[in-house]
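A short worksheet on the structure shown next.
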Amino acid sequence: MSTTEWSMPVPELGDTVLFSSDMTNFSSPSVGWVTEVGDTTISILTFTPNGFVQRNSVHHKDDPDLR
């Protein structure tokens with residue numbers, strides 16, 4: 001599937017999402033809140049065991065550009 005056939009689900013500011021740096025198995029996800037919505041990525045503030053971490057340019061786990 002090409003990127004032109006896939007479109008990112010569009011969250012709203014403040015929506016709660018799950019984040020994982022493991023793109024294959026989505027293991028050990030952390031809770032995050034949407035702080036910015038772009039055309040193909042979002043920015044989120046995640047809550048981790050080490051505190052809050054801002055993550056920019058986050059892709060949806062189903063985004064074909066990640067493969």
Side-chain angles (χ1 to χ4, degrees):
M1 178 182 308
S2 72
T3 304
T4 56
E5 296 173 4
W6 186 85
S7 54
M8 175 182 81
V10 181
E12 295 193 23
L13 291 179
D15 279 356
T16 303
V17 296
L18 291 176
F19 171 83
S20 176
S21 57
D22 177 5
M23 296 178 289
T24 304
N25 298 312
F26 204 74
S27 63
S28 301
S30 58
V31 174
W33 294 271
V34 177
T35 59
E36 187 176 341
V37 178
D39 292 333
T40 58
T41 64
I42 61 173
S43 293
I44 59 175
L45 181 65
T46 57
F47 183 69
T48 70
N50 297 323
F52 288 99
V53 177
Q54 179 69 36
R55 302 186 187 271
N56 299 312
S57 299
V58 177
H59 288 258
H60 189 275
K61 68 179 184 72
D62 294 334
D63 188 338
D65 285 343
L66 290 176
R67 291 168 184 60

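In terms of heavy-atom proximity, S20 sits nearest to P29 at CB-CA, 4.2 Å. Closest heavy-atom contact between S43 and S57: OG-N, 4.0 Å. Across all non-hydrogen atoms, the minimal contact from L18 to F26 is O-CZ, 3.6 Å.
Annotation: D22, atom CG; neighbour count of heavy atoms from other residues, nucleotides and ligands within 6.0 Å is above 12.
V58 and V17 fall within the same hydrophobic cluster, where Ile, Leu, Val, Met, Phe, Trp and Tyr residues are linked whenever their side-chain heavy atoms come under 4.5 Å apart, directly or through other members. Side-chain heavy atoms closer than 4.5 Å link hydrophobic residues (I, L, V, M, F, W, Y) into clusters, and following such links, even through other members, never connects M23 to V53. Both V37 and W6 sit in one connected hydrophobic cluster of ILVMFWY residues. Membership requires side-chain heavy atoms under 4.5 Å apart, directly or through other members. Taken together through direct or relayed side-chain contacts under 4.5 Å among Ile, Leu, Val, Met, Phe, Trp and Tyr, I42 and L45 form parts of separate hydrophobic clusters.
L66 contributes atom CG, which lies 11.0 Å from atom NZ of K61 (distance to the nearest 0.5 angstrom). Distance check, rounded to the nearest 0.5 Å: OG of S30 to CD1 of I44 gives 6.5 Å. To the nearest 0.5 Å, atoms CE (M8) and CG (D62) are separated by 12.5 Å.
Put simply, the side chain of D65 does not reach to within 4.5 Å of the side chain of T40, judged on heavy atoms. Put simply, the side chain of T35 does not reach to within 4.5 Å of the side chain of L13, judged on heavy atoms.
Judged by distance alone, with hydrogens and angles left aside, the side-chain atoms of D15 form a donor-acceptor pair with the main-chain N or O of E12 at under 3.5 Å.
Residue F47 is tested with F52, W33, F19 for a ring-ring contact (aromatic ring centres under 6.0 Å, His included); the sole match is F52.
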